[in-house]
Every structure is written in structure tokens, then in C-alpha cells.
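One structure is given here, and the rest of the page talks about it.
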Amino acid sequence: MARPHQPLPTWADPDVPVGSLDPQGLSRRGLLRSAGLFGAAFAGAGLLAPTPAAAHTDGGGDPDLAYLVGDHHVHSVYSHDAKYTFSQLAQAASRYGLDWMVLTEHSNFGHARAGGAQAEHREILKARRDNRRTLIFQGLEWYIPGAEHCTVFSPPGRHEVELLTRFEEAYDGKLLGYTAGAPGHPDTPRNEAHAVKAIKWLDQQRRSGYVDDVLVLANHPLRLGIDSPHEIRAWRDAAPGIMIGMEGAPGAQSAAMPGRGSTSHRGEYDNSPSENSWPGYPREAYQTYGGFDWATATVGGLWDAMLAEGKLFSVTSNSDVHRVTFDTWKNGDWLPGQNFDNTGRLPDPVNTTEPQPGSDFWPGQFSRTHVGVTHYGYRHVMAGMRAGRVWVDHGQLVDGIDVRVNREHGPGRGVTLGGRLRVRRGERIVLNVTVTTASRPNHHGELPCLAHLDVIRGAVRGPVADRDAWRAPDTRVVHTADVSGRRGRYTLRIPLGRAEESSYLRLRGSDGKRNGPGLLGTAIDPHGPITHEPGNGDPWLDTWLYTNPVFVDVVR
């Protein structure tokens with residue numbers, strides 16, 4: 001039986017008149033048209049496998065892309081520490097411009113015993129019917145044995161529930177007692193081996209056709225310091241097409257919002273090294289910088305050390321929504337004899353009309369992950385993520401960014417995010433970056449302005465001998481473009497000289513309001529993100545964007 005097509009979002013639907021679109025919709029429609037993907041050219045089969053790109057490529061290089069905005073880390077009343085219904089979350093996603101999101105409930109005993117993924121699925125199906133222009137994935141927040149958490153998700157299909165149920169029962173560290181520092185279970189090698197086994201099991205389910213696809217992303221990797229470099233590498237190498245990356249920026253971005261009466265840091269990165277932490281991380285690793293995890297924010301740090309091996313590893317940004325700052329909702333009361341352990345679901349929230357505690361934003365309100373696709377649909381989003389066609393921003397810093405690397409006189413527009421450009425030694429290469437500036441006030445009521453773009457370049461050295469190495473000594477900021485005051489759409493052409501060795505390039509930009517010397521020194525990063533005083537980290541006054549890398553492979 002043929003599967004139904006997913007309805008297009010309003011900004012991509014030619015039957016929706018221009019006059020009915022808000023400024024965000026107008027901007028996105030313009031970007032879509034410029035990529036040659038408007039209307040029928042973009043209406044992919046939402047549940048089917050991606051087809052060869054239909055977009056034009058100007059005679060060479062990667063296809064033009066439309067970027068779908070999403071969030072892969074969202075919690076509801078089916079998580080023991082959250083409070084919103086699927087309906088509330090779906091409405092928020094629509095209100096804040098998300099094209100896709102993943103509902104990721106915590107695994108725990110109450111969740112598993114009360115039906116877990118099966119109980120959620122009935123409400124997810126309803127949310128999909130009621131919000132047909134938003135792609136709503138069902139996922140799980142996996143407690144990695146001996147480590148932190150991961151997002152696990154697959155597209156809609158006949159085994160999407162069974163996959164999550166079987167995985168939770170067999171591999172969840174919390175259910176098994178395979179957690180860092182668990183009493184009576186100090187067997188770290190056992191925990192690490194079970195985590196690798198879990199990822200390989202997911203890979204096998206995809207290869208066998210049991211599910212159409214599945215992806216895994218590490219969540220808030222440095223929050224506790226218990227995700228060691230060798231563990232992250234082991235997860236990546238167990239199934240590179242499954243374990244594709246990590247949160248470059250965690251949720252809880254409003255945790256240090258002034259007025260909360262808190263001494264917290266953005267991301268709720270308020271921890272210190274413990275006996276379970278990997279001892280090689282510096283004390284600075286336990287904070288965020290411009291809202292981003294130390295592993296991503298440090299030029300020449302852990303993310304760069306992994307990219308310097310020549311292997312793609314993506315970064316994302318998301319809400320991890322549990323409780324939104326200054327909202328007026330609270331969890332309802334339990335009926336007699338009920339609790340989360342015997343229901344697996346919290347009572348629906350009630351509106352108190354009074355501000356309640358919280359440190360999160362709604363999905364899409366502040367943090368966004370942009371995924372490049374050539375068609376619209378579940379499988380196309382996942383394919384774009386696997387290919388590394390990803391960039392992230394905070395505070396709606398820009399409407400769009402297109403990155404292309406090419407030979408100086410190469411055909412077409414060249415290779416984009418996540419891709420690889422093969423060149424001969426000595427060939428000149430050039431970077432072209434097209435920025436579409438913010439066309440509307442953000443969700444804080446201000447028109448964002450990108451102040452500068454940094455080009456970060458690192459040499460590719462191949463696999464490391466020390467799997468716990470977290471430094472990439474040959475990576476640094478090689479170019480900074482001052483773009484403050486520029487509006488509309490513009491392209492920067494940045495010559496990068498002759499390619500003498502294999503390398504990678506990634507971009508970073510900011511609003512320019514909070515900058516300082518990078519953590520590894522000004523020679524490596526002269527004006528990078530910095531941390532803030534506890535309780536005084538207004539995220540709207542310190543916004544950044546990061547892109548995935550483009551690799552340049554030098555051949556003889």
C-alpha cells in the first residue's frame with residue numbers, strides 16, 4: 001500500500017498566498033525559491049527513502065538545499081521531570097517555526113513498566129494528525145551505560161515503537177544499573193562495552209530493514225565530565241552512520257537568566273569534577289561558553305580533535321525542554337495511590353497564572369538545528385543529518401547560511417557542509433559563504449545582527465594513537481570577516497590559498513556582544529565565546545552560530 005505524502009509547510013506550499021505569510025515565512029520561501037526547490041520540486045514522500053537530488057547544482061558540486069529547522073531533544077509528561085503535553089509541545093513547535101522535532105522521554109522504571117513507548121505512541125499519532133505540517137518523530141533519551149544521555153530516534157514505520165521498547169529493555173544503563181558510580185557495579189569496561197554493543201544493535205536493525213532508519217546523538221556531553229574522549233570515539237566508530245554527533249549546545253539556555261534568583265550557568269552546567277568524571281578534563285570543561293558546550297566552543301578542543309581524524313561528527317542545538325522559564329504551568333495533582341512508577345505519566349499540567357520555576361525555552365524559541373534537504377519528509381531530515389548538512393544558531397541570529405568550498409576555478413558551487421572536496425596538492429581553494437540576515441525580530445522582540453564570521457581550519461592527521469586525546473594543535477581561526485551592519489543577503493568570497501595537506505573548515509559567528517580570548521590562547525582563537533558570572537547570563541545578549549565542517553582531501 002502506498003504511503004501518504006507529508007503536507008508541505010505553509011512557506012513551501014505554492015497554494016498558500018504570499019500575503020498570508022509572516023516575515024519568517026517570506027524569508028524561508030525566498031530561500032527555497034533560490035534553491036530551485038519550491039512547490040512540487042520539494043514535495044518528497046515524507047515516509048519514503050530519499051531519492052537522488054532533483055535540485056540544480058550549476059553543473060557540479062553538491063545540490064542546492066533547503067534547510068528545515070528542528071529540535072531533537074524534547075520532553076513531555078511521559079518524562080518524570082517534565083510537565084507539558086504533546087499537544088502543548090506541538091503547538092509551541094508550530095508557533096516558533098519548527099519543521100521537525102523529536103519527542104525523547106527519559107528511560108526509567110516507571111516509563112518502562114507502564115508501557116513506555118507504546119503508551120506514548122497513541123498520543124504521538126494524534127499529535128501528528130493535528131499538526132500535519134510538522135514532522136514529529138518518536139524517540140528515547142537513552143541513559144548510556146556508564147556515561148551521560150543520548151537521543152535515539154527513527155522515522156514513522158511499523159516497528160518504530162518496538163525498536164524503542166526492545167532497546168530500552170536491553171541496553172538502558174539506568175534500568176540495568178550500569179551507571180557511573182552505581183553501587184556494586186564499578187565495572188567500567190563492562191559498561192563501556194555494553195554501550196558499544198547497544199549502538200551496534202541499532203545499526204543491525206537498520207541494516208536488516210527492521211526499521212527504515214535510526215540515528216543517535218550524544219546529549220549534554222560535558223555536563224558531568226563522565227563522557228570520556230575514548231568513549232565518544234568508541235560510540236562514533238561502532239556505527240558511524242548511526243552515532244552521528246553530539247549536542248554542541250545543551251538545553252536549559254535560560255538557566256542563568258537574570259531575575260530567576262539563580263546562581264546557575266547556561267545549560268545548567270553547574271557541576272564540578274567528581275570521582276566518576278574522566279580525570280583528563282580541565283575544570284573549564286564544566287561550563288558553557290556563549291551557551292555552547294566546552295567540547296564544541298574550544299577551538300582546537302575535543303570536537304576539533306575528532307574532526308582532525310578526518311571523520312565527520314556533527315553538532316546540534318536544542319531545547320531539552322522540561323520547564324519553561326517564567327511560564328505559569330505546573331504539574332497537576334496525583335489521584336490517590338498514583339505516582340510515576342505506576343503510571344509512567346505525570347498528570348496533565350494546570351495553569352496557575354503565576355510564574356513557575358524553569359530554565360528552558362520552548363522548542364524553536366531560542367535554539368535551532370538546521371538540516372539541509374532536497375525534499376520534505378522524515379527520511380529526508382534523517383538523511384540530511386547523516387550527511388552532516390547541519391548548522392545551528394541561537395536567538396534566530398540569521399535566517400540562512402550557505403557554505404560552499406571549491407577549487408578556485410572549479411565547476412559549480414562546490415561542496416557544502418558535511419561534504420568532501422578532493423583536490424590535488426597545490427590547487428587553490430576558495431570558500432564562498434552566503435548569509436541571509438535576520439528579516440524579523442526574534443522571539444525576544446529584537447532584530448538580531450550578525451557581527452562577525454570566523455573561519456576555523458584544522459589539519460587532518462588521521463586516527464589518533466591516544467583515544468583520549470582532546471587537543472587539535474593545528475586547528476585555529478584563520479580568517480575573521482567583520483559583517484556588522486550588513487543586511488539582506490550577501491556572499492563572502494574567501495580565498496584559502498593552496499591546499500598542501502588534507503584539512504577541514506568550519507564556521508562560527510556571533511552577535512559580537514560577549515567575546516574574549518579563546519580557552520587555548522589568542523593565537524588560536526582571538527575573540528571566541530566566554531563564560532558568564534553565575535546567574536547573570538542573559539542568553540539573548542550572547543548569541544552564536546556554528547556550522548558543521550567541510551573536508552578538503554588532498555590527493556597526489
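None of these values were measured; they are calculated from a predicted model.
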When rounded to the nearest 0.5 angstrom, what is the spacing between [atom1] in [X] and [atom2] in [Y]?
X: Ile456; Y: Arg506; atom1: CD1; atom2: CZ; result: 3.5 Å
X: Ile144; Y: Ile232; atom1: CD1; atom2: CD1; result: 8.5 Å
X: His80; Y: Asn331; atom1: NE2; atom2: CG; result: 11.5 Å
X: Leu222; Y: Met246; atom1: CG; atom2: CE; result: 8.0 Å
X: Arg389; Y: Thr547; atom1: CZ; atom2: OG1; result: 14.0 Å
X: Gln91; Y: Thr134; atom1: CD; atom2: OG1; result: 10.5 Å

Looking at [X] and [Y], would you say the former's side chain and the latter's main chain have a donor-acceptor pair under 3.5 Å?
X: Asp172; Y: Tyr143; value: yes
X: Thr296; Y: Phe292; value: no
X: Trp100; Y: Leu68; value: yes
X: Arg487; Y: Thr436; value: no
X: Thr531; Y: Thr288; value: yes
X: Arg345; Y: Gly116; value: no
X: Arg457; Y: Arg476; value: no
X: Thr298; Y: Gly300; value: no
X: Asp399; Y: Ser27; value: no
X: Ser317; Y: Gly248; value: no

(request) Could you walk me through whether Met385 and Leu217 pass side-chain contact (heavy atoms from CB on, under 4.5 Å), step by step? (result) CA-CA 10 Å; Met385 294 182 77; Leu217 294 138; 3.8 Å; yes
Hydrogens and angles aside, do [X] and [Y] bring a side-chain donor and acceptor to less than 3.5 Å of each other?
X: Thr316; Y: Glu247; result: no
X: Asp511; Y: Thr543; result: yes
X: Glu105; Y: Ser79; result: yes
X: Glu268; Y: Ser359; result: yes
X: Asn219; Y: Glu148; result: no
X: Glu168; Y: His111; result: yes
X: Thr85; Y: Asp348; result: no
X: Gln287; Y: His532; result: no

(request) Given side chain to side chain donor-acceptor pair (under 3.5 Å), test Asn318 with Ser367 step by step and report yes or no. (result) CA-CA 5 Å; Asn318 50 77; Ser367 301; over 6 Å; no
So that I can tick it off, tell me whether [Y] and [X] are bridged by a salt bridge, with the cut-off set at under 4.0 angstrom between side-chain N and carboxylate O.
X: Arg461; Y: Asp474; value: yes
X: Glu231; Y: Arg236; value: no
X: Lys311; Y: Asp237; value: yes
X: Asp320; Y: Arg223; value: no

(request) Specify whether Tyr96 and His443 have parallel, tilted or perpendicular ring planes, treating 30° as the upper limit for parallel and 60° as the lower limit for perpendicular. (result) perpendicular
(message) For Trp362 and Tyr84, take the angle between the two ring planes, folded into 0 to 90°, and tell me which bin it lands in: parallel under 30, tilted 30 to 60, perpendicular over 60.
(response) tilted
Around [X], counting heavy atoms of other residues, nucleotides and ligands shown, do more than 12 lie under 6.0 Å from its [atom1]?
X: Lys330; atom1: NZ; result: no
X: Asn351; atom1: CG; result: yes
X: Lys513; atom1: NZ; result: yes

(message) Pair Thr352, Gln356 - check side chain to side chain donor-acceptor pair (under 3.5 Å), show working.
(response) CA-CA 8 Å; Thr352 67; Gln356 299 295 306; 3.1 Å; yes
So which atom in [X] and which in [Y] form the shortest heavy-atom distance, rounded to 0.1 Å?
X: Val196; Y: Ala234; answer: CG2-CB, 4.0 Å
X: Asn515; Y: Ser510; answer: ND2-OG, 3.5 Å
X: Leu164; Y: Ala117; answer: CB-CB, 4.0 Å

Is the distance between the ring centroids of [X] and [Y] less than 6.0 Å?
X: Trp142; Y: Phe167; result: yes
X: His370; Y: Trp391; result: yes
X: Tyr286; Y: Tyr269; result: no
X: His322; Y: His106; result: yes
X: Phe361; Y: Trp540; result: yes
X: Tyr281; Y: Trp470; result: no

(request) Show your reasoning for whether side-chain contact (heavy atoms from CB on, under 4.5 Å) applies to Thr475 and Val299. (result) CA-CA 7 Å; Thr475 299; Val299 175; 4.2 Å; yes
(message) Please list all pairs meeting salt bridge (Lys or Arg N to Asp or Glu O under 4.0 Å) that have one or both residues in residues 271-294, counting only residues at least two apart or in different chains.
(response)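 For residues 271-294, and leaving out neighbouring residues, there are no salt bridge (Lys or Arg N to Asp or Glu O under 4.0 Å) pairs at all.
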(message) For residues 515-544, which residue pairs pass the salt bridge (Lys or Arg N to Asp or Glu O under 4.0 Å) check, not counting sequence neighbours?
(response) Arg266-Asp542, Arg508-Asp525, Arg514-Asp542
(request) Any pair with a residue in residues 504-527 that passes ring-ring contact (aromatic ring centres under 6.0 Å, His included), sequence neighbours left out, goes on the list, sorted by first then second residue, please. (result)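 Only His452-His527 qualify under ring-ring contact (aromatic ring centres under 6.0 Å, His included).
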(request) Would you please test Tyr78 and Phe86 for ring pair (Phe, Tyr, Trp, His ring centres under 6.0 Å) and show each step? (result) CA-CA 9 Å; Tyr78 284 94; Phe86 289 163; 5.5 Å; yes
(message) Please determine whether side-chain contact (heavy atoms from CB on, under 4.5 Å) holds for the pair Ile494 and Val455, giving the CA-CA distance in whole Å, both sets of side-chain angles, and the decisive distance to 0.1 Å.
(response) CA-CA 9 Å; Ile494 304 169; Val455 180; 3.9 Å; yes
(request) Test Phe366 against His444 for ring pair (Phe, Tyr, Trp, His ring centres under 6.0 Å), laying out the working first. (result) CA-CA 9 Å; Phe366 183 73; His444 194 56; 9.3 Å; no
(request) Report yes if some heavy atom in the side chain of Thr369 is under 4.5 Å from a heavy atom in the side chain of Val390; otherwise report no. (result) yes
(request) Decide side-chain contact (heavy atoms from CB on, under 4.5 Å) for Ile524 and Val477; before the verdict, give the C-alpha distance in whole Å, the side-chain angles of both, and the deciding distance to 0.1 Å. (result) CA-CA 6 Å; Ile524 292 173; Val477 175; over 6 Å; no
